[in-house]
Amino acid sequence: MLHSLHMNAVFPGSFDPITNGHMDVLARAAKIFDHVTVTVMHNARKQGRHLFTLEERLDILRAATSHLPNVSVDSFGGLLVDYMQQQNKGIIVRGLRAVSDYEYELQIAHLNRQLGEVETVFIMAATRWSFVSSSMAREIASYQGDISSMVPFASAEALRRKFAPALNPAAPE
Ligand code: PNS
């Protein structure tokens with residue numbers, strides 16, 4: 001059943017870290033729905049595949065979304081449909097940047113609908129974010145490239161800290 005009296009949505013993802021594309025989708029979702037929960041989906045077995053720990057990703061998300069009054073941050077380590085049921089939520093928001101995202105998203109949306117009573121709503125990110133992804137931001141930041149126009153401030157700061165050249169005050173100039 002869709003819980004349409006209060007239209008609450010869940011925006012799930014890895015958010016490693018959140019990008020301006022995610023922020024754009026989230027801001028649009030926050031205008032449509034009464035409340036949006038950004039949920040970091042994590043899997044203990046995949047923990048090593050992420051740059052940021054779950055706590056770091058949550059800290060970044062909290063900082064990046066603090067200006068959005070109807071957005072909250074959460075995490076879950078299991079199937080998305082189980083989370084949705086547990087939280088009594090029926091709508092999943094996912095962002096689309098380009099047609100290339102669609103095939104993967106369509107598969108997940110159909111699988112989720114098969115697994116649980118959930119609807120997936122797609123929100124198109126603004127075209128200026130078409131080429132922005134968490135993986136590209138990580139890649140550029142790892143070479144000390146400027147990612148400040150691609151990710152929110154909290155993500156940019158966290159990326160800079162993560163890839164800061166090791167400080168060794170004893171080292172000669
Ligand atoms: O930001 P991402 O990595 O594209 O997000 C993918 C995510 C986390 C939404 C998806 O992998 C997910 O829902 N994982 C939780 C496990 C699950 O429910 N899997 C079944 C659907 S693929």
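Quantities reported herein were computed from a predicted structural model and do not represent experimental measurements.
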Chi angles and distances behind the side chain to side chain contact (heavy atoms under 4.5 Å, CB included) call for Val40, Leu58:
CA-CA 7 Å; Val40 180; Leu58 289 169; 3.8 Å; yes
If I take atom [atom1] from residue [X] and atom [atom2] from residue [Y], how far apart are they, to the nearest 0.5 angstrom?
X: Lys162; Y: Arg138; atom1: NZ; atom2: CZ; answer: 11.5 Å
X: Lys89; Y: Thr37; atom1: NZ; atom2: OG1; answer: 3.5 Å
X: Leu115; Y: Gln85; atom1: CG; atom2: CD; answer: 11.5 Å
X: Met23; Y: Thr19; atom1: CE; atom2: OG1; answer: 9.0 Å
X: Arg57; Y: Ser134; atom1: CZ; atom2: OG; answer: 10.0 Å
X: His42; Y: Ser75; atom1: NE2; atom2: OG; answer: 4.0 Å

Any donor-acceptor pair under 3.5 Å linking the side chain of [X] with the backbone of [Y]?
X: Thr65; Y: Leu61; result: yes
X: Ser14; Y: Asp16; result: no
X: Asp101; Y: Arg97; result: yes
X: Glu119; Y: Ile92; result: no

Grab the two heavy atoms, one from [X] and one from [Y], that are nearest each other, plus how far apart they are.
X: His35; Y: Asn70; value: CD2-O, 3.1 Å
X: Leu159; Y: Pro17; value: CD1-CG, 4.0 Å
X: Ile147; Y: Ala141; value: CG1-CB, 4.0 Å
X: Arg28; Y: Ala126; value: NH2-CB, 3.6 Å
X: Ala154; Y: Ala64; value: CB-N, 4.3 Å
X: Thr120; Y: Arg94; value: CG2-CG, 4.2 Å

State whether the number of non-hydrogen atoms from other residues, nucleotides or ligands found under 6.0 Å of [X] atom [atom1] is greater than 12.
X: Arg160; atom1: CZ; value: yes
X: Glu56; atom1: CD; value: yes
X: Gln114; atom1: CD; value: no

Does a side-chain heavy-atom distance below 4.5 Å link [X] with [Y]?
X: Ile60; Y: Ile18; result: yes
X: Val36; Y: Leu26; result: yes
X: Phe76; Y: Asp82; result: yes

Phe33 vs Val93, side chain to side chain contact (heavy atoms under 4.5 Å, CB included): CA-CA, chis, key distance, verdict
CA-CA 10 Å; Phe33 298 101; Val93 167; 3.6 Å; yes
Output, in order, the C-alpha distance, side-chain angles, deciding distance and verdict of side chain to side chain contact (heavy atoms under 4.5 Å, CB included) for Ile32 and Ile123.
CA-CA 10 Å; Ile32 298 170; Ile123 294 182; 4.0 Å; yes
Does the side chain of Ser135 pick up a donor-acceptor pair with the side chain of Ser133 at under 3.5 Å?
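Judged by distance alone, the side chains do pair up.
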Verify whether one side chain among Asp146 and Ser148 offers a donor that lies under 3.5 Å from an acceptor in the other.
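Result is yes, a qualifying pair exists.
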Is the ring pair Phe15/His22 parallel, tilted or perpendicular, if the boundaries are 30 and 60 degrees?
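Taking His22 first and then Phe15, their aromatic rings stand perpendicular (interplane angle over 60°).
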Show your working on side chain to side chain contact (heavy atoms under 4.5 Å, CB included) between Thr39 and Tyr83 and close with a plain yes or no.
CA-CA 9 Å; Thr39 305; Tyr83 174 77; 3.0 Å; yes
